Amino acid sequence: MGLKKGAVEDLIERAGGCAVIDGGLATQLEALGAHFDDPLWSARCLISNPELIEEVHVQYLESGADIVVTSSYQATILGFVSKGLSVNESESLLQKSVHLALEARDKFWKLVQRYPSHNYNHALVAASVGSYGAYLADGSEYSGYYGKDITLEKLKDFHRRRLQVLVDAGPDLLAFETIPNKIEAKAIAELLDEENVPIPSWICFSSVNGENACSGESFEECLDILNKSDKVSIVGINCSSPQCIENLVLKFRKLTKKAIAVYPNSGEVWDGKAKLWLPSECFGGENFEVLATRWHEAGASLIGGCCRTTPSTIRSISEVLKRRL
Ligand SMILES: C[S+](C)CC[C@H](N)C(=O)O
Ligand SMILES: N[C@@H](CCS)C(=O)O
Ligand SMILES: [Zn+2]
């Protein structure tokens, strides 16, 4: 099967040149009362309270998100099995993460049809694929250090089955998130080819210093690999400080012709050991509205928020980006 082209490009056009991605899913689940002190992190909610996930998707759609990202970031078959679930049950939870977002999107779209003057776009559902570091739950999605025994093949094996199950569940695209190093980007690009994945993907890296991937490897090297893959439609940065983003968009713009997505966190820093967010050391919490405009002008065509951002952040971004229409 060939790659289904056009859905993302159409959406960017319908959104007036910049599509709005949703905000922190785990963050908003926690704001509504969920607790994630667990190696499964937000994926725990797929077991304990799936209705809450659908509610959060709807909140982001109401706020103006053109793309909702599923609750599968830290949902893995290995992670669920280690909690005592069977492989079948684990795969059903992965499917459920996609179905919850599709249902939220479809219900919301049906509802807004009653208001002919609404200015929402028909949203897309991106199935989240968190990095291997997210599964390790040791903070390594922000260090890029996966231990000395990691290999390309091990990373492909880690990602393969989850990828197949998520794709079969029918999302519009795949969202690889917080990729911290070159080896994982290469593993994903090879896997997308080997599995002949028929939907587009974005691959978003994390960055701590605003210059390189978290591993210290250059984005020149990382994007060189992704530029060769026609399965990867979009590249970018997520869950990194907003302060880093403009510089990184300008850098990416020189390194790739692909669309660029950015959805930073609030600037707070994840302490992987203590499992909590620490205050930002340098980001002063400037206005996301102002920043989002700058990121768009620098060359990003998909913009949203990641951890510690909320529906109100997305509403501000959506209003400022769509005000131009
Ligand atoms: C994006 S981070 C805040 C997700 C949680 C992390 N992988 C952990 O489990 O510690
Ligand atoms: N899609 C995930 C990303 C975590 S970095 C979330 O919003 O919770
Ligand atoms: Zn995040």
Side-chain angles (χ1 to χ4, degrees), residues 20-32 34-46 52-53 56-57 59-60 63 65 67-76 78-80 82-83 94 97-98 100-101 104 124-146 158 162 166 171 173-180 184 201-208 214 236-242 244-245 261-278 280 283 302 304-311 313-314:
V20 175
I21 303 172
D22 66 5
L25 182 77
T27 300
Q28 190 59 10
L29 288 169
E30 285 181 313
L32 298 185
H35 297 285
F36 301 143
D37 185 14
D38 189 291
L40 287 179
W41 197 52
S42 61
R44 210 171 99 154
C45 217
L46 281 165
L52 200 66
I53 296 174
V56 171
H57 288 317
Q59 290 186 345
Y60 278 120
S63 305
I67 301 181
V68 285
V69 182
T70 65
S71 50
S72 41
Y73 176 78
Q74 207 145 311
T76 61
L78 286 172
F80 288 134
S82 70
K83 290 280 176 190
L94 288 172
S97 70
V98 176
L100 288 168
L124 296 181
V125 168
S128 170
V129 185
S131 55
Y132 179 59
Y135 156 73
L136 292 178
D138 60 357
S140 56
E141 70 260 66
Y142 303 109
S143 72
Y145 182 66
Y146 284 172
F158 165 74
R162 172 171 56 163
L166 288 172
L173 68 155
L174 293 174
F176 293 90
E177 304 191 278
T178 62
I179 304 305
E184 191 163 25
S201 288
W202 78 49
I203 298 192
C204 284
F205 294 88
S206 41
S207 175
V208 172
C214 293
I237 299 285
N238 79 293
C239 216
S240 306
S241 173
C244 300
I245 298 299
V262 289
Y263 55 114
N265 58 31
S266 61
E268 290 158 277
V269 178
W270 178 247
D271 180 334
K273 281 211 177 79
K275 300 224 171 287
L276 46 83
W277 290 97
L278 302 173
S280 165
F283 178 62
L302 301 106
C306 202
C307 296
R308 313 288 280 174
T309 69
T310 65
T313 320
I314 298 312

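Counting starts at 1 for both ligands and their atoms, following the listed order. Keep in mind the model is a prediction, meaning the values are calculated, not measured.
At least one N or O atom of E177 sits closer than 3.5 Å to an N or O atom of ligand 2. Looking at K275 next to ligand 1, an N or O pair under 3.5 Å apart turns up. Taking any N or O of Q74, backbone or side chain, at least one lies under 3.5 Å from an N or O belonging to ligand 1. Checking only distances, Y73 never comes within under 3.5 Å of ligand 1, N or O to N or O. Here's the thing with C239: none of its N/O atoms is less than 3.5 angstrom from an N/O atom of ligand 2.
Close approach to G24 involves these atoms of ligand 2, each under 4.0 Å from a residue heavy atom: 7 (O). For ligand 1, the atoms sitting less than 4.0 Å from at least one non-hydrogen atom of E141 are 1 (C), 2 (S), 4 (C), 6 (C), 7 (N), numbered in the order shown with element in parentheses. Remark: ligand 2 atoms within the under-4.0 Å shell around heavy atoms of C307 are 4 (C), 5 (S). Within ligand 2, the atoms closer than 4.0 Å to a non-hydrogen atom of W41 are 4 (C), 8 (O), numbered from 1 in the order shown.
A donor atom on one side chain and an acceptor atom on the other are not found under 3.5 Å apart for Q28 and Y60. Y146 and E184 share a donor-acceptor pair across their side chains, judged by distance under 3.5 Å alone. No hydrogens or angles considered: a donor-acceptor pair under 3.5 Å links the side chains of E177 and S128.
At the top of the distance list for atom 8 (O) of ligand 2, counting protein heavy atoms only, stands A26 N, 3.1 Å. Among all non-hydrogen protein atoms, the one lying nearest atom 1 (C) of ligand 1 is Y142 OH, 3.0 Å. With respect to atom 6 (C) of ligand 2, the closest heavy atom belonging to the protein is L25 N, 3.6 Å. Looking at atom 5 (S) of ligand 2, its nearest protein heavy atom turns out to be C306 SG, 3.5 Å.
Screening L302, I67, I314 for a side-chain contact (heavy atoms from CB on, under 4.5 Å) involving V20 leaves a single residue, I314. For the pairing with L29, the side-chain contact (heavy atoms from CB on, under 4.5 Å) check across L25, T27, L32 returns one residue only, L25.
Assignment of Y135 to the shell around ligand 1 is not supported, since no heavy atom sits closer than 4.0 Å.
For W41 and Y73, the ring centers are positioned less than 6.0 Å apart.
Centred on the Zn ion (ligand 3), the angle running from C306 (SG) to C239 (SG) is recorded as 110°, rounding to 10°.
Electrostatic pairing of D38 and K83 counts as a salt bridge here, judged by a charged N lying under 4.0 Å from a carboxylate O.
Within 6.0 Å of OH in Y142 there are more than 12 heavy atoms belonging to other residues, nucleotides or ligands.
Scanning both residues, C307 and W277, for their nearest heavy atoms gives CB-CZ2, 3.2 Å.
Between Y135 and F158, the two ring planes are tilted [angle within 30° to 60°].
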